[in-house]
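Chain A is the first sequence line, chain B the second, and so forth, proteins listed ahead of strands; every chain is numbered from 1. Model, not experiment: these values are computed from the prediction.
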Amino acid sequence: MHFLTGTDEHGLKIQRAAEKKNVDPQAFCDEISQTFRDLSKTLNLSNTDFIRTTEERHKKTVQHLWSELEKNDDIYLSKYSGWYSVSDEAFYSDEEITEKENIKMATASGSPVEWIEEESYFFRLSKWQDELLNYYEKNPDFISPKSRKNEVVSFVKGGLKDLSISRKAFSWGIKVPNSPDHVIYVWLDALTNYISALNYPDTDNTLFKKFWPASVHLIGKDILRFHSVYWPAFLMAAKIPLPKKIYGHGWILSGDEKMSKSKGNILDPLDIIEIYGLDPLRYYLIKEVSFGNDGNISQDRLEDCINSDLANNYGNLCQRVTAFAEKNCSSSVPDNKEFNDEDLVMLNKFTDNLTAIRTEIDNQNINYYINFIISALFEANKYFNDQEPWKKKDDKNRLNTIVYTSLEMIRKISFMLYPIIPSSIEKALKIFNLNVDAINFESIAKHDYLVSGKPIKKIDILFKKIEKKDD
RNA sequence: GGCGGGGUAGCUCAGUCGGUUAGAGCGCAGGACUCAUAAGCCUGAGGUCAGUGGUUCGAUUCCACUUCCCGCUACCA
């Protein structure tokens with residue numbers, strides 16, 4: 001797996017912001033980019049690389065890509081005039097402009113625009129219209145989720161104009177090869193990060209060979225068009241294979257009300273993490289947000305999630321089984337010799353669904369994944385309840401099997417939860433004296449992963465319950 | 001204005017290629033138990049599946065219209 005993220009550091013917006021603070025743009029970007037790299041640590045992301053568009057490796061790739069497009073006659077020099085919004089990084093036509101109190105602004109975004117008239121290179125986007133439509137049709141999952149595909153298709157069907165891909169009005173960006181007074185357009189620059197991180201144009205290197213075409217570009221829905229229209233067109237023009245899928249995810253909203261600390265509907269992830277911890281937040285987002293749609297976050301629902309799912313269902317299951325094993329199985333993994341049908345129903349749930357789980361996760365159906373885990377948790381708790389091992393003290397074999405089965409359930413569930421709540425699972429695995437390196441997906445199909453006789457450790461409470469305020 | 005998505009239990013959402021009593025989680029009420037973070041388990045209350053009309057033996061599911069929300073897009077100007 002190669003999980004790439006990074007920062008786009010291009011453009012007039014940044015140049016001006018840096019000037020305003022009276023710092024060098026590069027220094028300014030260093031600082032901003034660092035906050036994102038810090039954030040990726042704070043959120044415990046597992047990205048394998050972090051690319052910045054100001055890095056040399058990136059610049060070289062972008063300039064090479066430009067040359068390829070030029071070589072294939074997809075770039076021509078012309079002149080552009082129009083209203084430009086710095087903050088939107090977009091041009092607008094006369095019709096898209098409103099004037100208010102002598103200030104001209106884009107009707108759609110309300111951001112101020114300025115008249116720009118300059119020489120510009122253009123990309124022959126119009127030329128790729130049919131091929132794009134054709135590609136969408138042949139690859140129905142290319143634009144996901146499906147609900148967003150139509151709007152892209154209808155946009156392309158509406159007709160594509162050639163795209164201005166260079167600017168002369170500012171200097172903070174990657175220079176056009178052999179035309180250093182031009183700076184390369186932001187989206188041609190930024191999107192290229194996907195292949196610059198894989199060392200394109202060196203297509204024979206291991207990274208590129210192994211990870212291109214990428215299996216998915218996971219992006220916010222607001223930049224879907226750039227990823228599903230412009231980027232594929234650039235790639236087609238440069239004769240580079242297209243990524244397999246563009247997935248536009250939704251946004252996290254804070255209920256109907258605006259964020260306000262006094263109202264208690266805080267939205268800043270850092271605040272939430274400080275109050276509740278990182279893993280509960282990660283869990284909440286995965287569970288409560290219907291992936292692909294916008295989702296709401298509320299403190300109340302987050303607290304419910306922590307208490308019900310994490311503390312009561314998962315945390316308490318770990319506690320009750322390990323505490324029982326400590327008292328009745330001399331703190332070690334008991335023998336598992338005699339599974340009966342009830343035990344096997346539990347354990348086979350994972351075996352039987354391994355393929356389905358993989359398929360769904362490959363389709364970004366995260367909600368299926370989490371729902372599977374939750375139902376397994378319910379069943380595991382019910383199983384332990386119904387089997388009443390505390391009444392089986394005169395039937396040691398049966399008691400042992402119940403405990404073994406329950407431990408295996410905890411183990412399987414924990415393995416599956418690892419991508420969602422990694423640091424909590426790291427703690428949970430101490431029950432079995434395992435570390436996260438032991439986690440492998442295939443083993444959730446096994447029934448005898450835990451070795452009889454190995455020690456079982458009772459662990460600290462994984463998730464403390466939140467005392468809810470009455471209202 | 002056009003295109004697309006959506007309006008299902010108090011809340012967040014599944015689902016129905018048309019078919020007997022519409023599902024889950026949370027929340028709420030009651031019960032039995034006690035290994036456990038007063039957790040877990042069982043039972044229950046709660047829905048005219050946005051509205052109207054149509055097709056059909058039968059529609060929440062198909063069609064039309066209406067209404068509300070969201071996204072994209074266009075225009076009036």
Side-chain angles (χ1 to χ4, degrees), chain A residues 93-99 107-108 143 145-160 220-225 228-229 248-253 255-256 283-329 360 365-368 370-393 399 402-403 406-407 409-410 428 431 458-468 470-471:
Chain A
S93 60
D94 283 341
E95 297 81 49
E96 292 171 302
I97 299 303
T98 321
E99 191 167 340
T107 314
I143 302 168
K146 281 204 168 62
S147 52
R148 297 202 199 290
K149 183 182 169 184
N150 288 324
E151 59 189 55
V152 174
V153 171
S154 65
F155 173 77
V156 175
K157 278 186 176 160
L160 295 176
K221 62 178 184 177
D222 49 328
I223 52 174
L224 183 62
R225 180 184 301 168
S228 57
V229 180
H249 70 241
W251 297 335
I252 310 299
L253 309 169
D256 300 328
Y283 182 87
Y284 177 86
L285 293 177
I286 296 291
K287 188 203 172 194
E288 290 288 315
V289 178
S290 183
F291 198 65
N293 295 326
D294 290 352
N296 285 294
I297 183 159
S298 82
Q299 210 164 345
D300 202 43
R301 297 289 304 129
L302 175 62
E303 290 179 354
D304 283 345
C305 255
I306 294 170
N307 287 349
S308 306
D309 292 5
L310 295 175
N312 293 349
N313 265 330
Y314 177 67
N316 183 55
L317 177 69
C318 294
Q319 290 297 124
R320 72 195 295 206
V321 174
T322 50
F324 190 84
E326 188 177 49
K327 286 174 197 156
N328 298 284
C329 307
E360 297 299 335
N365 193 351
I366 293 174
N367 298 102
Y368 172 93
I370 190 80
N371 286 334
F372 181 90
I373 295 173
I374 291 168
S375 76
L377 275 172
F378 278 112
E379 284 164 35
N381 268 310
K382 180 173 164 52
Y383 168 85
F384 200 72
N385 225 78
D386 292 353
Q387 296 300 321
E388 300 181 307
W390 49 91
K391 288 184 183 170
K392 302 269 165 40
K393 295 190 179 171
L399 184 148
I402 294 167
V403 172
S406 301
L407 288 170
M409 288 297 286
I410 291 173
I431 294 170
K458 205 176 166 206
I459 55 166
D460 292 338
I461 288 191
L462 287 170
F463 299 97
K464 283 200 182 104
K465 293 187 68 168
I466 310 293
E467 264 195 63
K468 299 199 67 169
D470 290 332
D471 40 351

When the P atoms of B:A64 and B:G18 are compared, how many Å lie between them, rounded to an integer? 15 Å
For B:C65 and B:C57, measure between their C1' atoms and round to the nearest Å. 26 Å
Any side-chain heavy atom of A:Cys318 within less than 4.5 Å of one from A:Leu462? yes
Neighbour count above 12 (heavy atom, 6.0 Å) for A:Lys464 NZ: no
Distance in Å, A:Phe324 CZ paired with A:Cys329 SG, rounded so as to fall on 0.5 Å steps: 6.5 Å
What does the B/S/- profile of nucleotides 28-34 of chain B look like, 5' to 3', with a 4.0 Å heavy-atom cutoff to protein? ------S
Integer-rounded Å distance: B:U37 P and A:Ile431 CD1: 13 Å
Watson-Crick and G-U pairing of RNA chain B written in dot-bracket, each distance under 3.5 angstrom, with | for inter-strand partners: (((((((..((((.....[...)))).((((.........)))).....(((((..]....))))))))))))....
Whole-Å gap separating C1' (B:C35) and CG (A:Asp386): 13 Å
How would nucleotides 3-12 of chain B be written as a contact map, 5' to 3', with B for base contact, S for sugar-phosphate-only contact and - for no contact, using protein heavy atoms under 4.0 Å? -S-------S
Tell me which of A:Lys458 and A:Asn381 sits closer to the 5' end of RNA chain B, going by the nucleotide each one is nearest to. A:Lys458
Under the salt bridge (charged side-chain N to carboxylate O under 4.0 Å, His left out) rule, what pairs show up with a residue in residues 304-313 of chain A, not counting sequence neighbours? A:Lys287-A:Asp309, A:Arg301-A:Asp304, A:Asp304-A:Lys468
Against the side chain of A:Gln319, the closest entry in B:C26, B:C41, B:U37 is B:U37
Please examine the side chains of A:Trp390 and A:Phe384, heavy atoms only from C-beta on, and report whether any two atoms are closer than 4.5 Å. yes
Given the P atoms of B:G23 and B:C49, what is the spacing between them in whole Å? 14 Å
Can you check whether A:Asn316 has a side-chain N or O nearer than 4.0 Å to OP1 or OP2 of B:G40? no
All ring-ring contact (aromatic ring centres under 6.0 Å, His included) counterparts of A:Tyr368, not counting sequence neighbours: none
Residues two or more places apart in sequence or in another chain: which of them pass side-chain contact (heavy atoms from CB on, under 4.5 Å) with A:Ser308? none
d(CZ, A:Phe372; C1', B:A24) in whole Å: 16 Å
Rounded distance in Å between the P positions of B:U56 and B:U12: 38 Å
Under the side-chain hydrogen bond (donor to acceptor under 3.5 Å, both in side chains) test, residues paired with A:Lys382 that sit two or more places apart: A:Asp386
Upstream residue (5' side of RNA chain B) when A:Asn307 and A:Asn328 are each assigned their closest nucleotide: A:Asn328
Quick one: side-chain hydrogen bond (donor to acceptor under 3.5 Å, both in side chains) partners of A:Lys149, sequence neighbours excluded? none
Among B:U37, B:G27, B:A36, the nucleotide that comes nearest once only the side chain of A:Ile461 is considered: B:U37
Got a sec, which residues hit side-chain contact (heavy atoms from CB on, under 4.5 Å) with A:Ile466, two or more places apart in sequence or on another chain? A:Tyr276, A:Glu303, A:Ile306, A:Asn307
Tell me what A:Lys149 touches on the nucleic acid: a base, only sugar-phosphate, or nothing, going by heavy atoms under 4.0 Å. nothing
Do A:Lys221 and A:Arg148 come within less than 4.5 Å of each other through their side chains, counting heavy atoms only? yes
How close or far is atom P of B:C13 from atom CG of A:Asn371, stated in whole angstroms? 13 Å
Write down the distance between CG (A:Asn365) and C1' (B:C13), rounded to a whole number of angstrom. 13 Å
Using atom C1' in both nucleotides, what's the gap between B:A32 and B:C41 to the nearest angstrom? 9 Å
For atom NZ of A:Lys221 and atom C1' of B:C70, their distance in whole Å: 8 Å
Does A:Lys287 put a side-chain nitrogen or oxygen below 4.0 Å from OP1 or OP2 of B:G25? no
Is A:Lys382 near enough to B:C42 that one of its side-chain N or O atoms lies under 4.0 angstrom from OP1 or OP2? yes
Take atom CG of A:Leu224 and atom C1' of B:C72, then tell me their distance rounded to the nearest Å. 10 Å
For A:Phe463, which contact category applies under a 4.0 Å heavy-atom criterion: base, sugar-phosphate, or nothing? base
Could you tell me which residues satisfy ring-ring contact (aromatic ring centres under 6.0 Å, His included) with A:Phe372, sequence neighbours excluded, listed by chain and number? A:Phe350
With rounding to the closest Å, how many angstrom separate the P atoms on B:A22 and B:G47? 12 Å
For A:Lys393, check side-chain contact (heavy atoms from CB on, under 4.5 Å) against everything at least two apart and list the hits. A:Asn328, A:Leu399
Using the C1' atom on both, measure B:C70 against B:U60 and round to a whole Å. 22 Å
Rounded P spacing from B:G54 to B:A14 in Å: 31 Å
From CG of A:Asp309 across to C1' of B:A24 the rounded distance in Å is 12 Å
Quick one: label A:Leu462 by what it contacts on the DNA or RNA (base, sugar-phosphate, nothing), any heavy atom closer than 4.0 Å. base
Pairs involving residues 317-327 of chain A, ordered by first then second residue, that meet side chain to side chain donor-acceptor pair (under 3.5 Å) (sequence neighbours left out): A:Arg320-A:Asn381, A:Arg320-A:Asn385
